[in-house]
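As structure tokens, the structure follows; a few thoughts come after it.
We use all heavy atoms of the structure for the numbers below, so side chains are in, but hydrogens, waters and symmetry mates are not.
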Amino acid sequence: MTAPRCVLQNDFLSLEVAPLGAEMQSLRTSAGDDLLWNGDATFWSGRAPVLFPIVGRAVDDVIAVADHKAPMSQHGFARRSLFALQDQTDVSCSHILTQNSKSMAVYPFDFTLKVTHRLERNTVQVTAQVQNNSAQTMPFGFGFHPAFCWPLPNTGQATHYVTLATHSTPDMHKLDDGLLDPQPLPSPFVEGKLAIDEDLFTEGALVFPNGSEALRYGPAKGLTLEFQFHNLPDLALWRPKGAPFLCIEPWHGTASYTGDGPQISQRPNSIALAPEAVVEFGYEVTVRM
């Protein structure tokens, strides 16, 4: 039997979260307008996956921890794992994932991953806690991968922008078959502003290592989304050609550089979590009408 989704609601927003991957399935305004991508597999079956214990691809899709090597597909196994519901209220829910025999075969650690979704007025808060229950230091990467409608509801054909709070112009890195090119490229942001159009992602996702900061997504006038990130220093933007969504992805860690080895600990911005230690990540999306 498939476990039921959590349905959260307040006077401003409604949100559904599935136990598979602890993934958001829908996000709507009180007027019923969809803000989150619907998962149509024509473009991409994901909606807002959680990325653990790696972000992006590994070289030859193989990871290693010391002498232990194993195959691992892009973005890790959490997004395809069934989480257990820990608790739920009208406006929040928490799901837990722990190791099992299947995960231990590829990632030999005893861990707890807790993902919490919460509604606070017109804001969605998503947090994740990772705890290392093993006796050894645990290397990993972590990220969020939510996809929001493009264009946003009731904005017509108005140009949508991603605007960085400090108007910075972070260096961009290209992906080569899912792996990160170590050579930085000039930023596509102009004074912190990037117009989203059909041609922007012809060569794949745009990755900005250490380029994450508060940002705004939407047209100059009308409904917009404002983002805040916690302990997620890397940023990626992605939109398949013709797709009616934009992924705004805050990460701690990226895909391997081209030519790198399989060790998770050597991946860019990899985390080394001490035994019994806990680390938290999170983002907030505030809906502005």
Practice task
Walk me through it: do Leu180 and Thr258 pass the test side chain to side chain contact (heavy atoms under 4.5 Å, CB included)?
Solution key: CA-CA 6 Å; Leu180 202 62; Thr258 55; over 6 Å; no
Problem - Spatial distance of atom CD1 (Ile248) from atom OH (Tyr283) [nearest 0.5 Å] - result: 10.0 Å
Practice task
Look up atom CD in Gln99 and atom OH in Tyr107, then write down how far apart they are to the nearest 0.5 Å.
Solution key: 11.0 Å
Who passes side chain to side chain contact (heavy atoms under 4.5 Å, CB included) against [X], sequence neighbours left out?
| X | answer |
| --- | --- |
| Ala70 | His68, Val106 |
| Arg288 | Asn122, Thr224, Glu226, Thr286 |
| Asn269 | Asn210, Pro233, Asp234, His252 |

Check for a donor-acceptor pair, side chain of [X] on one end and backbone N or O of [Y] on the other, with a separation under 3.5 Å.
| X | Y | answer |
| --- | --- | --- |
| His230 | Phe281 | no |
| Gln263 | Ala66 | yes |
| Arg47 | Gln25 | yes |
| Glu249 | Gly143 | no |

Practice task
Check the pair Phe148 / His160 against side chain to side chain contact (heavy atoms under 4.5 Å, CB included), numbers first and verdict last.
Solution key: CA-CA 12 Å; Phe148 297 93; His160 284 40; over 6 Å; no
Practice task
Consider only side-chain N and O atoms of Arg80 and Ser73, and report whether a donor and an acceptor are under 3.5 Å apart.
Solution key: yes
Please collect all salt bridge (charged side-chain N to carboxylate O under 4.0 Å, His left out) contacts where either partner lies in [range], sequence neighbours excluded, each pair once.
| range | result |
| --- | --- |
| residues 179-196 | none |
| residues 100-125 | none |
| residues 206-223 | none |

Exercise for the section: Could you tell me whether Gln157 atom CD has more than 12 heavy atoms of other residues or ligands within 6.0 Å of it? Expected result: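 Atom CD in Gln157 is not crowded, with 12 or fewer foreign heavy atoms closer than 6.0 Å.
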